[in-house]
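Input: a single structure, listed below in structure tokens.
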Amino acid sequence: MKKMLTGNSSAAWGARISDVDYVCAYPITPQTEIVETLSSWVNKGALKARFVNFESEHSMFAAAGAASLTGARVFTCSSSQGLIYGLEMLYSIAGWRAPLVLVNVSRGLGMPMILQVEHGDVLATRDSGFIQLHAENCQEVLDLVLLGYKIAEDSNVMLPVVVNMDGFVLSFARQTVDIPQREAVEKFLPRYSHPRPLLGLESAPVTYGPTTSDGFVYSFYKYQLHKASLESRKVFQTAAQEFFKIFSRRHHAVEAEMTEDADYIFLVTNSYSSNVRAGVRSLRAKGEKVGMVKLKMLRPFPREELAEVLSQAKAVAVFEQNLAPGRGAIIYPEIAEALYHSQERPDVLLSFIGGLGGTPLGMPEMEYMLKKCKEFLKTGHGPEQPLLLYRSEDWESMKHSLSKTGLPVSREVS
Amino acid sequence: MASNQTTIDTAYKTMKDTPREEYLQPGSPLCAGCGGEIAVRLALKALGPKTIVVSVPGCFGLLALYPYSSIENSMLFAPFASGPAAAQGIVDGIRIQVEKRAMVDPGSKVLVLTGDGAAYDIGLQATSGAIHRGLDFYYLCYDNEAYGNTGFQFSSATPTGSSTSTTAVTDSSQGNSLRKKNLFEIWKAHNPSYLATVAVSKPVDMLRKFEKASKMSGSKLFIAFSVCPTGWRSEPRETVKIDRLAVETGVWPLKESVNGRVTHTYIPRKRPPVENYLKTQRRFEHLFGACGSEHTLQEIQRDVDEYWRSISI
Amino acid sequence: MKIRIRLHGRGGQGVKTAGRIISTACFLEGHCAEDSPMYGPERRGAPVLSFVRVSDGEPLEERGYIEHPDALVLLDSSSVSRSSPFYGLRTDGLVIINAPLLAPKFAFPSVAFDVSSAALRVLKKDSVSAGAAALACKALGLTSIESLSEAVRMEMNEIGLRPELIERNVELARECFSSVPTVKSFVHAHDPSPTDSNDESSEKLVEIPQMVGLQPIAAIIATGNSRLNETGLWRLTTPRIDYSKCTKCIVCFVYCPDSCITLEPDLTPHIQYENCKGCMICATECPLHAISEERAVPA
Ligand SMILES: Cc1ncc(C[n+]2csc(CCOP(=O)(O)OP(=O)(O)O)c2C)c(N)n1
Ligand code: SF4
Ligand code: SF4
Ligand code: SF4
Ligand SMILES: [Mg+2]
């Protein structure tokens, strides 16, 4: 069944066709539409699940994780400040090895307050043990929710999954989405069963989350968690093949396009992948040997796949929508590490930051990134990184805004 | 303000009716003479084996200290502020599977077990949410009147005059200058189906309260007076004695609230001076002796007197 | 000179304070010193360690656990039977112990003094940290009595002891200091480093496997298994039931925090000593005074 759906309603549909048992809710823009949609379905009986409004994200995540341990299939979602408010819980959910799917709708963090996209929120959870899948479009949001449950609940994985989509740009964008039939989904996603559910049975007691004072115990379980996360790469691959067979849509941890003969590769995640694809096509039409790589899986980090698709290029421009003050971009060093041991690797690896708060990514940015890569290749000297993609008209608007703040005009630091 | 001495429908008439089954097992990492541990032990005797315990950081989080667990019941250790929310997940997770998946109802109960730090401070919001949602669960707060596990720092349950490691006694301060937060009233304002204070020196009263609560659905909340020899700097052997003194001097009223109606289940008629209680613990030692504070002592006594006057027995 | 000292005792005994006194005394003496305690999340009564490293000026470039100490300080003799603390002690290492003279015989040179009795006399309680620290400072020839006394004052003040009690602790320390000899043989010519022992090779490292099923999940299904923890070893005093006085009122059973009292069908109570922590609540509460107290004798 094809329908026009927003990113948010695609997430809700993903939960619905996964036949989730429990929905834990707390509002935050730009995610709220997901819980509103699920709430109305539960009320109408279209989805047989328990829907609970919590008093905070911290509590919402706590309940979500605990319910998963009882054997219920759990769905929850959040964004930005909410995700970070509950961050403590995310480590525990992963430590409990409680599979569930959390949809995050990316939005900026801290001050100035903004509702538009930045990936700092979801990336702050990157070391929690959650598996991370990032979506480009509404169809992917739905598909990744399904795939999310499939890998989360795999007996060799048993880890929670976060599916990420961009706030506004995707959460509120409507696109055509193919909603799979219930029977097909049942075939793909069998019923979740926990090997030792927390039910309070006298015959099968269990204690989850014990304390330890021993480094060897802590190391052991942390390492097992890491191994399970790595294992999920294989599980994802198999699941994606099965997904293709049933639903005819392909998914890969790393998706390379037009890279075979490419000298220059743009690396991107999430919804701006579409803009990059359009830009790459235009540049190709002008005779540039460019291609793109979309990172769909951020955790576990698909470093071998990345090394394979990037090593042939002369230069790689890593485009990211996050800014870690004092560091730069968050994923860039991980890419560099992925390439470190490759015999062949690009001469130039440049870090670009843009789209913060939803600033545009179009041809000007694509041309600029390409130009910078070429300059670097030619001169052997690179700019200070990361480079912030900031348009001149935005700078004019910014100066105009500054003049309205009442603050005295300061001289620029040169 | 009737006392419920006349309760008839109970399995617990005297101490001899204390259930023999043990769910709390020997060998816990808790201090010798821990008063809160007696409370947990009695609570589990009343609630039985199908009780899933949710514990959080605090001394009693150590009831699961890998690779051992000190209770036979199932247990989940959750972050500090999240006990009641995790309980909600368990209750809901089980209920939906029974309703939707035709799972056999395991008939389990969920007991959140936290210290005062979690109950009065960091977890108050989560508790508020859970009670408000009418969650069918039990909450036992073992109140040792400070953050014990981290070395006995001030919490909002710390009583006036108590020294803690963050309310030191100096020339200008007599330990904690704030009053203990009234958690009973805060919880009561949420209209839980059952709410009670308990003290282990009155084990029959305590067992009956759990028994009564377990016949109700909804939120059933308990605040247990919990003598902490380590933090209070009292003698481990005197734990129950000190507990009894708290009840008899009126410092720790025993009461319950059933659907909002408060009854005192024991009324200390004589009420010896609070000194008798305070003197048993070195956290109050600065109140006595040459440089002691008459003023603080009077304030503590006045608060107790005022309390009992206000309930007009 | 470089000396590594490992202190053994139990939570509540002042192991950490003893370590701090030694290291502060060394600092005051002009040495380079470092101390760090090590304890688990268990509450009072469980084993606690403290580590002190001292040098005469060289930087102390090692951290963490002392696996091969030059000296052990045992805050009570029962820790010998409880936890065999000698592991890793260098063959020429020294054992410094709070115990009656000549009581224990070890395979190592030892210095013993009954700090507990002295403490009971001087402080009116069995509080041995200052005394034990004094034994170490003297036996290892680390500090003068002045540096030691000052260190006791500083550390006891730090933990908030009243001035008169601090002075009595100084008195105890001085008594202990002058009661033991400095063990001359103990001066190391070489500088033992933490990596110089030949039982340490890369062979000791393993690659741990990825587990399957429930094992990679931090879970316990043998719930209630803490019985295997012999918390009976924590006991300082032991309750004994005089069955001729006992009326089987079960009061002791009701109040034992650790479920260590079991009842026969006729309600006769039995104390389970493997786990009884010796809190003595049962003795205090027994209405018939049928439970008496024995000072725990180390097994
Ligand atoms: C979010 C968070 N903040 C702080 C802590 C540190 N912490 C662990 S236990 C504890 C004290 C708990 O006090 P209380 O709830 O009264 O229990 P008690 O230790 O007295 O048994 C604290 C502050 C924590 N674990 N988590
Ligand atoms: S510190 Fe207090 S509450 Fe905690 S285990 Fe010890 S006696 Fe019990
Ligand atoms: S409390 Fe005393 S009299 Fe009662 S059963 Fe125990 S030992 Fe016997
Ligand atoms: S001394 Fe304490 S732990 Fe031992 S039996 Fe008596 S009450 Fe129980
Ligand atoms: Mg407390």
Side-chain angles (χ1 to χ4, degrees), chain B residues 14-16 18 20 22-42 45 57 59 61-75 77 148-149 163 165 168-169 200-201 203-204 207 228-230 235-241 243-244 285-286, chain C residues 11-12 40-46 159-160 162 218-237 239 248-265 267 271-285 287 291 293:
Chain B
T14 72
M15 254 167 111
K16 284 226 165 144
T18 305
R20 310 289 189 258
E22 301 288 11
Y23 303 103
L24 187 135
Q25 292 298 328
S28 82
L30 306 184
C31 307
C34 175
E37 195 176 18
I38 307 177
V40 176
R41 179 170 165 258
L42 292 175
K45 280 174 181 286
C59 295
L62 302 178
L63 291 175
L65 182 57
Y66 191 88
Y68 301 116
S69 98
S70 303
I71 55 175
E72 304 222 310
N73 306 62
S74 289
M75 199 173 0
F77 180 67
N149 193 46
S163 65
S165 56
V169 176
V200 298
S201 63
V204 177
L207 289 166
C228 168
T230 305
E235 288 304 319
R237 67 175 64 235
E238 295 197 337
T239 290
V240 177
K241 191 179 128 190
D243 186 283
R244 195 173 293 119
E285 68 184 348
H286 53 282
Chain C
E42 296 91 343
R43 312 305 300 162
R44 204 151 74 168
I159 57 173
R162 278 168 300 160
I220 299 164
I221 63 173
T223 55
N225 58 353
S226 70
R227 206 175 260 288
L228 302 169
N229 272 334
E230 288 184 45
T231 44
L233 295 174
W234 298 9
R235 215 159 52 232
L236 295 171
T237 50
K248 304 174 187 175
C249 72
I250 86 165
V251 166
C252 53
F253 161 81
V254 172
Y255 289 133
C256 174
D258 286 284
S259 310
C260 288
I261 299 182
T262 53
L263 298 177
E264 275 181 41
L267 303 186
I271 296 175
Q272 207 249 90
Y273 291 105
E274 288 74 42
N275 300 100
C276 160
K277 293 173 183 163
C279 68
M280 305 309 288
I281 289 175
C282 52
T284 311
E285 294 304 316
I291 305 181
E293 172 179 340

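The analysis underlying the following values was restricted to heavy atoms, covering all of them including side chains, and did not include hydrogens, waters or symmetry mates. Numbers restart at 1 for each chain; the letters A, B, ... are given by sequence-line order, proteins then strands.
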What residue in Glu37(B), Glu238(B), Lys45(B) has the most heavy-atom pairs under 4.5 Å with chain C?
-> Glu37(B)

With chain C, the option among Pro236(B), Gly36(B), Gly35(B) that has the most non-hydrogen atom pairs under 4.5 Å is Pro236(B)

Interchain contact, Ile71(B) with chain C, by part (heavy-atom threshold 4.5 Å) | backbone

Region of Asn73(B) that comes under 4.5 Å of a non-hydrogen atom in chain C | backbone

Pairing residues for Phe253(C) by the ring-ring contact (aromatic ring centres under 6.0 Å, His included) criterion, not counting sequence neighbours | none

For Asp258(C), all residues meeting side chain to side chain donor-acceptor pair (under 3.5 Å), sequence neighbours excluded = Ser28(B), Lys277(C)

Polar side-chain atom of Ser70(B) near backbone of Ser226(C) as donor-acceptor pair, under 3.5 Å = no

Decide yes or no for Glu285(C) and Lys241(B): does some side-chain heavy atom of the first lie under 4.5 Å from some side-chain heavy atom of the second?
-> yes

Of the backbone (N, CA, C, O) and the side chain (C-beta and beyond), which part of Glu274(C) lies under 4.5 Å from a heavy atom of chain B, both, or neither?
-> neither

For chain C, the option from Asn149(B), Thr18(B), Thr14(B) that forms the most heavy-atom pairs under 4.5 Å | Asn149(B)

Value rounded to 0.5 Å, distance of CZ in Arg227(C) from CD in Glu72(B) | 8.0 Å

Under 3.5 Å, is there a donor-acceptor pair between the side chain of Asn225(C) and the main chain of Pro67(B)?
-> yes

Relative to chain C, which segment of Arg41(B) carries a heavy atom at a distance below 4.5 Å: side chain, backbone, both, or neither?
-> side chain

Contact part of Glu230(C) toward chain B, heavy-atom cut-off under 4.5 Å: side chain, backbone, both or neither?
-> neither

Highest number of heavy-atom pairs under 4.5 Å with chain B: which of Gly12(C), Cys260(C), Cys256(C)?
-> Cys256(C)

Output the distance between atom OG (Ser74(B)) and atom CD1 (Ile221(C)), rounded to the nearest 0.5 Å.
-> 10.5 Å

Spacing of CG belonging to Leu30(B) relative to OG1 belonging to Thr231(C), to within rounding of 0.5 Å = 10.0 Å

Which atom pair, heavy atoms only, marks the closest approach of Asn229(C) to Gly27(B)?
-> ND2-O, 3.0 Å

Of the backbone (N, CA, C, O) and the side chain (C-beta and beyond), which part of Ile261(C) lies under 4.5 Å from a heavy atom of chain B, both, or neither?
-> backbone

What distance do Lys16(B) atom NZ and Leu263(C) atom CG have between them, rounded to the nearest 0.5 Å?
-> 10.0 Å

If you count heavy-atom pairs under 4.5 Å between each of Cys282(C), Cys276(C), Ser259(C), Ala283(C) and chain B, which one has the most?
-> Ser259(C)

Chain C contact via Leu42(B) - side chain, backbone, both or neither, heavy atoms under 4.5 Å | side chain

Which atom pair, heavy atoms only, marks the closest approach of Cys279(C) to Ala32(B)?
-> CB-C, 3.8 Å

Output the distance between atom CE (Met75(B)) and atom CD1 (Ile220(C)), rounded to the nearest 0.5 Å.
-> 7.0 Å

Under 4.5 Å from a heavy atom of chain B, the part of Leu267(C) involved | side chain

When rounded to the nearest 0.5 angstrom, what distance separates OG1 in Thr237(C) from CZ in Arg237(B)?
-> 6.0 Å

Winner by heavy-atom pair count (cut-off under 4.5 Å) against chain B, out of Pro257(C), Gly11(C), Ala218(C) | Pro257(C)

Minimal non-hydrogen separation, Ser201(B) against Tyr255(C), with atom names = O-OH, 3.3 Å

